[in-house]
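Taking it in order: structure first as structure tokens, then the write-up.
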Amino acid sequence: MKILVGIKRVVDFNVRVRVKPDGSGVDTDGAKMSINPFDEIALEEALRLREAGIASEVIVISIGDSSCQQQLRTGLAMGADRAIQVDTDIHLQPLAAARTMLAVIETEQPGLVILGKQAIDDDNNQTGQMLAALWNRPQATFASKVVVAGDTATVTREVDAGLETIEVDLPAVITTDLRLNTPRFVKLPDIMKAKRKPLEVIAFTELAVSNDNNIQIDHYAPPAVREKGIMVDSAAALVTELKSRGLL
Amino acid sequence: MERINKIQILQKELPDLELLADSRSLQIYGQDWTRFRQPDPLAVVFPRSVDQVQALVKFARLEKLALVPSGGRTGLSGGAVAASCELVVSFEKMRKISEFNPLEASLKVEAGVVTQALQAYAAEQGLFYPISFAAEGSAQIGGNIATNAGGIRVLRYGLTRDWVEGLTVVTGAGEVLELNRGLIKNASGYDLRHLFIGSEGTLGFIVAATIRLAQPPPPQTVMLLALESMPAVMSLFHSAKVYLKLSAFEFFSEQALNYVCQHRQLPQPLENPAPFYVLCEFDSDEEAALAVFEQGFADGNLLDGVISQSSAQAEELWQYREGISESITQFTPYKNDLSVRVSKVPEFMQELDQLVAESYPDFEVIWFGHIGDGNLHMNVLKPETMEVGEFERSCLLVNHAVYQLVEKYAGSVSAEHGIGLLKRNALRFCRSQAEINILRQVKRVFDPDNIMNPGKLLNDE
Amino acid sequence: MSKILIIAEHNGVELNNSTAKCVSCAIATGGEIHIAVFSATGNEIAQQASELSGVTEIINIQSADYSHALATTIAPEAALLAADYSHVYGPSSTYGKDLMPRIAALIGVNQVSDIMAVKSSRSFQRPIYAGNAIIDVSVPADQTIVATVRNASWPAAETGGSASMREHTATAERPTHTRFVELASEGGDRPDLQSAKRVISGGRGLGSQENFAIIYALADKLGAGVGASRAAVDAAYVPNDMQVGQTGKIISPDLYIAFGISGAIQHITGIKDAGTIVAINKDSEAPIFEVADIGLVGDLFAIIPEIEAAL
């Protein structure tokens, strides 16, 4: 079966982002860009499934302008078989991104779609779930373990209460959590090989996806500064204070 | 009894100076990262100002009280060890960062500022303090200056010395000197700040410094490469310098890698083991990195390699190098920190390797270091069943031959760890008698009563 | 006037207090508040929900299909119900994060994730870049607002209410392609440091590897994860995967208690997003007191037993 992996080009997680003084956005000029860490994990899982003989092809897909080809090439160097760039200058919100993925799914007919649970820039954590809804297929979010056998996947998910295991019929959407795997390093010889792998560019406008019902961002601000703390004079006073704050 | 008396006199004369003398504090503050001596200080004091430090020195002169400066105590040559009833002077209460000057890209630090705090502060201001090494989370800038700390980016940014624009010291004679005062140009005679930098606490206390900061580097990429031999490593270094804007070029042996993987529970980074590994960091440039790789592969030097795709991966790869020291600490290693001129590295290592194989057939030897600086860390691991004293004696015996080899290559017995306590007897292998005589005389100028870290760097006469 | 539907979270027995937090957010939004309870046998839970102050109606939807809270089974009916509401809220717990976007897609709208504050009935504040930027967002008038409510930003609504109860029979198709297998709760082992809601850390002040036992013991009593400062790791009191800080783990528990940690910058970087920072140190000038929300100067070896006694 084919596995489709969505990857997003984001500001490297180590970069300290600063809000522009006029509040109009975040300053990312000259910042190092990388594949969204959760998406790297998604790709790693797909590659392992192919190496185990469960998948036959891993396709990486990214939505954005031509700069995201850098991340697609990295995906190919990690081991993906081919790449698709849906070309657009518009920053799509989760619903339109999900609709776009669905359009590609209709052509590619993958058995599994693996996405990172959220992008570390907008922290929405929606696209995977939305895609599953529009596709009318199962969603297995925040996966920390994936086992595929025949037509079903057994996915263990990290939830507040612990670890929940669900079984889903394929095709399905899985979103990855941090503990699912540790992505492999790219090997230098593979970067060379990646240059010869196919990278297809599809114009967003060709896909007849409606980009409506967007949320408006009105203003960006830096985080609030922590208020000054208090001192207590005994362990008993500390426990009382914590209880009154609902923390114990 | 005598100790208690001394402490009492000290507390009477300097009542505002905080002091600890409980056994746990004496244990913690009396030792650095070496374990070859039992700490045994008189007490530990915590000055908060230059005035307090000066008053302390004056007192110490009168009372003939030995003083040991104490920063992060992450030293590797015993320079901060107090094993003979000295008074440890900890700078942990003097940790202010001040006078940040955006135009000059400089700031002032008290000696107790932790190196990593300085790095973080610089980053907050959009600048970069480039000196970086494994112990930076605990080491203090005063200690860094006293040892002229180098670390992983010397190749690109030089040593601590290159970033100190001003130094406030209290000499062993009790004088406060403001050296160079932050000037970029000052052609007014001998630059005394450079005597104090690397003086290992033997001339006086470093209490504050004006530090220059760099522009942050562009995004960096890290490669971890597997190689057949040391000549291959040095050959790779040549081509890396041609194609890449290098920030760091490190090497380590297969056994070093195995210990790190074991200790930190990391997977092997490459498919097949190799005798040597290089970790290099450079301004991101995939084409250039590929060129280096292709050339190395074609020459038969390079066996395999991986490249980071994000800063998270870059940090992961660095762990393989940075975790080495920690992973072998449990074996009470006898550490060698040698340097020769870069062009002599292959030859030197070959002879050294042979010498070591012949002389330490029963000991395990771990190789790693800042090979781009010509700096080699050779660590001999203590077998589990051997007692520390016996191990040290055996190592000293063989190290004599090692030092003679270093001397033959006109190298240094201490590239960056300093002489401290553990390498005093080796000083003669890289400094001439004439030089050593001058060092002694210089010390007498700044520390006439020999109270400043006595017994460190120079043997008692 | 706004009409807000909250999708309740529960474990089959008890209403989760995340629902009460959704109510607080709904109250701040303004409008009539209803809560939908999807369960197999939920009368108990519906009853608990009805006691939340400020709520007008509880919609009790029972079906064997809802015996486990699966997003794929609940979303279709929730999307149908949503047609009558201007807002649909869920908690920003793993349950809500899993469910609400599916509902949003079925309705055909984007979601506002992690509401930290309400600016007006259609305008909210939420964090991006892991909280390093806060954005004001607004949803245009013709769209249903679907949102998750950030747990750490809202108090639980008071009890004392008496909402009316309405039974509702689900009509939407419940897919069978997703099936619950099991839930392994985190009862046994200590919670993972990276994700624990409470974390206790020890620093150099502990003095030895052996002394760390008192930290582990207190953590077990509080159901907390255990961390350590760089100094404690360097001194080999604990393994380095317990290091909290810039070069260790960056964590954001609701409660962080630091014992014997001086608070160097790199450690603070690791905890600056924690909800409440508590520091115990015998040095009143330890830098950690500059960032702590609650500070206590004293000997940790005496204080820890006292804390345990007061719990």
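Keep in mind that this is a model prediction, so the values were computed, not measured.
With respect to chain C, the highest number of heavy-atom pairs below 4.5 Å among A:I215, A:V239, A:N136, A:V17 belongs to A:I215. In terms of heavy-atom pairs under 4.5 Å with chain A, the best-connected choice from C:N16, C:I257, C:T176, C:L255 is C:L255. Ranked by heavy-atom pairs under 4.5 Å with chain A, the list C:L99, C:T276, C:T94 is led by C:T94. With chain A as the partner, the residue from C:V291, C:N132, C:I303 showing the most heavy-atom pairs under 4.5 Å is C:N132. Put simply, of C:I128, C:V112, C:D114, the one with the most heavy-atom pairs under 4.5 Å next to chain A is C:I128. Ranking A:Q129, A:K228, A:E158 against chain C, the residue ahead of the rest is A:Q129, based on heavy-atom pairs under 4.5 Å. In terms of non-hydrogen atom pairs under 4.5 Å with chain A, the most contact-rich of C:A130, C:A309, C:S138 is C:S138. Among A:D212, A:T127, A:T141, A:N124, the residue with the largest count of heavy-atom pairs under 4.5 Å with chain C is A:N124. Between chain A and the residues C:E308, C:Q111, C:K97, the most heavy-atom pairs under 4.5 angstrom are made by C:Q111. Per-residue counts of heavy-atom pairs under 4.5 Å with chain C were compared for A:A132, A:A237, A:G128, A:A140; the largest is that of A:A132.
Only the side chain of C:K197 comes within contact range of chain A, judged by heavy atoms closer than 4.5 Å. Only the backbone of C:D273 comes within less than 4.5 Å of a heavy atom of chain A; no side-chain atom from C-beta onward does. For A:A98, no part lies near chain C; criterion is any non-hydrogen pair under 4.5 Å. For chain A, the nearby part of C:I280 is the side chain; its heavy atoms alone come within less than 4.5 Å. Residue contact with chain A, scored on non-hydrogen atoms closer than 4.5 Å, involves the backbone and the side chain of C:I277 alike. Interface remark: C:E182 contributes backbone and side-chain atoms alike to the contact with chain A (heavy atom separation under 4.5 Å). Proximity to chain A is absent for every atom of C:I304, based on heavy atoms less than 4.5 angstrom apart. Only the backbone of A:I120 comes within less than 4.5 Å of a heavy atom in chain C; its side chain stays farther off. The part of C:T72 that comes within reach of chain A is its side chain, from C-beta onward, which places non-hydrogen atoms under 4.5 angstrom from that chain. Heavy atoms of A:D233 lying under 4.5 Å from chain C belong exclusively to its backbone. Neither the backbone nor the side chain of C:A75 has a heavy atom closer than 4.5 Å to any heavy atom of chain A. Proximity to chain A is limited to the side chain of C:V278, based on heavy atoms less than 4.5 angstrom apart. Only the side chain of A:F142 comes within contact range of chain C, with heavy atoms under 4.5 Å apart. If you measure heavy-atom distances from A:R99 to chain C, the contacts under 4.5 Å come from the side chain alone.
Contact check for C:L183 versus A:L163: no side-chain heavy atoms found under the 4.5 Å cut-off. A heavy-atom distance below 4.5 Å is not found between the side chains of C:I135 and A:H219. Side-chain contact between A:V11 and C:Y129 is present, with heavy atoms from C-beta onward closer than 4.5 Å. A heavy-atom distance below 4.5 Å is found between the side chains of C:R102 and A:Q139. The shortest side-chain heavy-atom distance between A:E227 and C:D293 does not fall under the 4.5 Å cut-off.
Applying a 4.5 Å heavy-atom cutoff, none of the residues of residues 106-119 of chain A approach chain C. Interface with chain C: from residues 165-184 of chain A, residues A:T165, A:I166, A:E167, A:V168, A:D169, A:R179 qualify, criterion being any non-hydrogen pair under 4.5 Å. Residue-level contacts of residues 88-97 of chain A with chain C, in order of numbering, are A:Q93, A:P94, A:L95; threshold 4.5 Å between heavy atoms. For a heavy-atom cut-off of 4.5 Å, chain C lies close to A:V19, A:V26 in residues 19-26 of chain A.
Taking each heavy atom of A:K243 and C:A310 in turn, the nearest pair found is NZ-O, 3.4 Å. Nearest heavy atom pair, residue A:N214 against residue C:Q143, reads O-NE2, 3.3 Å. The nearest pair of heavy atoms linking C:P101 to A:M130 is O-CG, 3.5 Å. Taking each heavy atom of A:P223 and C:A133 in turn, the nearest pair found is CD-N, 4.4 Å.
No more than 12 heavy atoms of other residues, nucleotides or ligands lie within 6.0 Å of CG in A:D151, so this atom counts as exposed by the packing criterion. Under a cut-off of 6.0 angstrom, the local environment of NZ in C:K282 is sparse, with at most 12 non-hydrogen atoms contributed by other residues, nucleotides or ligands. C:E158 CD: 12 or fewer foreign heavy atoms inside a 6.0 Å radius.
A:N125 and C:S113 share no side-chain donor-acceptor pair at under 3.5 Å.
For the side chain to side chain contact (heavy atoms under 4.5 Å, CB included) with A:Q126, the lone residue among C:T148, C:V146, C:N110 that qualifies is C:N110. For the side chain to side chain contact (heavy atoms under 4.5 Å, CB included) with A:M231, the lone residue among C:L296, C:V297, C:I294 that qualifies is C:V297.
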Inset, instruction - Apply the test side-chain contact (heavy atoms from CB on, under 4.5 Å) to residues A:L238 and C:I307: give CA-CA distance (whole Å), side-chain angles for both, the deciding distance (0.1 Å), then the verdict. - result: CA-CA 8 Å; A:L238 172 62; C:I307 291 177; 3.9 Å; yes

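Interatomic distance, CZ of C:R179 versus OG1 of A:T154, reported as 9.0 Å (0.5 Å rounding).
Under 4.0 Å is where a charged nitrogen must lie from a carboxylate oxygen, and between A:D218 and C:K119 no such pair does.
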